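Below: the structure, in structure tokens.
Because the structure is a prediction, the values reported are computed rather than measured. In this chain, residues are counted from 1 in sequence order.
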Amino acid sequence: MRIKINGTHFPLETLGPGRRLGVWFQGCPLACAGCMSRHTWAAEGGRESSVRELLDLWREALDRGADGLTVSGGEPLEQAPALAGFLAGAALLRSVAERAGGARRGPRADFLVYTGYEQDEWDPPRLRALRHADAVVAGRFRIAEPTALVWRGSANQRLLPRTALGRARYAPHLRRRVTGPAVQVVVEAGREPGEAPAAHLMGVPARGELTFYERWLGERGLRLRERSWRP
Ligand code: SF4
């Protein structure tokens with residue numbers, strides 16, 4: 001099954017607890033003002049991937065001790081059948097890894113999904129896609145409602161545990177405020193010969209922080225690969 005994605009990264013440390021595999025879906029029709037991920041809006045952007053390719057990445061991440069999987073975007077629920085297939089496969093691989101690793105494997109890896117859709121917008125295909133999600137961060141990004149709550153971009157967004165694992169893992173974070181770095185800077189080599197390295201920002205920056213990072217990177221001779229919060 002095909003999936004349009006914008007990118008992947010391991011280890012992601014700023015969207016959910018621990019070291020995680022991050023998968024960013026491509027395509028979002030919700031167009032929140034101030035969205036930092038405008039480069040993920042166009043459904044025809046990003047690149048073609050497949051459930052199989054993403055499951056291979058998840059297997060590798062589990063082998064490297066991943067604490068969880070975070071799916072963001074873009075809008076993952078715009079590709080609900082593909083998301084359902086990916087999370088079902090990821091749950092299967094998680095069980096296989098647990099059986100193979102026994103007690104050495106440590107706590108179970110959790111699945112966290114970001115969506116701009118509110119709960120009352122989750123139609124049956126979207127609900128099926130979230131069946132294996134242990135927790136969901138739900139709601140549009142509202143630039144006029146800043147928050148210090150960890151892993152959320154605006155005060156209206158809700159962190160919703162959906163399984164026993166999700167309740168256990170996320171209970172300490174429901175009202176927790178950001179105390180450490182909320183943004184992870186990842187520097188990648190140029191994609192073309194002779195192209196300078198560029199940086200990605202991963203996480204949920206506070207208001208004004210994107211401009212700070214842009215300047216900070218510029219002082220170190222680095223550019224942001226996406227400066228997409230600006231229209
Ligand atoms: S904040 Fe999320 S839901 Fe809103 S436009 Fe950006 S990617 Fe879409």
Side-chain angles (χ1 to χ4, degrees), residues 5-26 28 30 32-41 45-46 57 61 64 66-76 110-116 135-159 169-170 172-191 196-231:
I5 63 165
N6 185 267
T8 64
H9 185 73
F10 181 85
L12 171 67
E13 298 179 81
T14 46
L15 290 175
R19 299 167 77 250
R20 314 174 66 83
L21 174 65
V23 177
W24 287 265
F25 278 37
Q26 180 71 28
C28 179
L30 299 178
C32 305
C35 167
M36 71 176 280
S37 305
R38 292 178 67 97
H39 57 287
T40 66
W41 286 8
L57 290 177
R64 294 170 65 186
D67 297 299
L69 165 67
T70 296
V71 181
S72 186
E75 177 46 66
D110 71 272
F111 302 158
L112 172 65
V113 177
Y114 278 77
T115 174
V136 176
V137 175
R140 310 287 196 274
F141 171 71
R142 294 187 192 153
I143 196 164
E145 298 180 32
T147 181
L149 291 174
V150 70
W151 305 321
R152 278 147 285 184
S154 54
N156 62 297
Q157 292 180 328
R158 297 177 64 205
L159 173 55
R169 179 92 19 105
Y170 288 88
H173 305 292
L174 296 179
R175 294 199 173 83
R176 186 168 73 81
R177 289 168 174 265
V178 177
T179 50
V183 173
Q184 182 177 349
V185 181
V186 176
V187 178
E188 283 181 357
R191 289 176 179 165
H200 290 278
L201 299 181
M202 299 172 182
V204 183
R207 299 296 183 274
E209 220 178 355
L210 289 170
T211 305
F212 163 81
Y213 275 109
E214 189 178 29
R215 194 177 315 125
W216 184 83
L217 289 164
E219 288 164 3
R220 285 151 184 82
L222 287 166
R223 65 183 172 84
L224 276 177
R225 182 145 272 147
E226 296 97 12
R227 298 166 66 244
S228 70
W229 64 96
R230 294 197 183 120

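Side-chain contact check for Q26 versus I5: every heavy-atom pair is 4.5 Å or farther apart. When side chains are defined from C-beta on, V71 does not count as touching F111, because their heavy atoms never get closer than 4.5 Å. Two residues are said to be in side-chain contact when any heavy atoms from C-beta on lie closer than 4.5 Å; V185 and L201 meet this criterion. Within the 4.5 Å cutoff, the side chain of S37 has no heavy atoms near those of the E75 side chain.
R152 and T147 form no side-chain donor-acceptor contact under 3.5 Å, judged by distance and modelled atom types alone.
The CG atom of L159 sits 10.5 Å away from the CZ atom of R176 when rounded to the nearest 0.5 Å. Between D110 atom CG and R169 atom CZ the span is 4.5 Å, to the nearest 0.5 Å. Distance CD/Q184 to NE2/H9: 5.0 Å, rounded to 0.5 Å. In this structure, CD in E214 is found 12.0 Å from CZ in R223, a value given to the nearest 0.5 Å. With rounding to the nearest 0.5 angstrom, the CZ atom of F25 is 11.5 Å from the CG atom of N6. Residue Y213 holds its OH atom at 13.5 Å from CG of L222, rounded to the nearest 0.5 Å.
Formation of a donor-acceptor pair under 3.5 Å by the E145 side chain with backbone atoms of S154 is not found in this model.
Using a 30° and 60° split on the angle between ring planes, W151 and H173 fall in the tilted class, from 30° to 60°.
When every heavy atom of D67 is checked against every heavy atom of P17, the shortest pair comes out as CB-O, 3.9 Å. What you find for P11 and R19 is that their closest heavy atoms are CG-NH2, 3.8 Å. The minimum heavy-atom distance linking T14 with G203 is given by the pair OG1-CA, 3.5 Å. Smallest separation of non-hydrogen atoms from I143 and G34: CD1-CA, 3.8 Å. Between A199 and L217, the closest heavy-atom pair is CB-CD1, 3.8 Å. Smallest separation of non-hydrogen atoms from L112 and L15: CD2-O, 3.8 Å.
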key: side-chain contact (heavy atoms from CB on, under 4.5 Å) between R140 and C35, worked out   = CA-CA 9 Å; R140 310 287 196 274; C35 167; over 6 Å; no

Audit row: M36, F141, side-chain contact (heavy atoms from CB on, under 4.5 Å) steps and yes/no = CA-CA 10 Å; M36 71 176 280; F141 171 71; over 6 Å; no

ask   = Step by step, would you call V183 with F212 a side-chain contact (heavy atoms from CB on, under 4.5 Å)?
value = CA-CA 11 Å; V183 173; F212 163 81; over 6 Å; no

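Residue-environment remark: CZ (R220) exceeds the threshold of 12 foreign heavy atoms within 6.0 Å.
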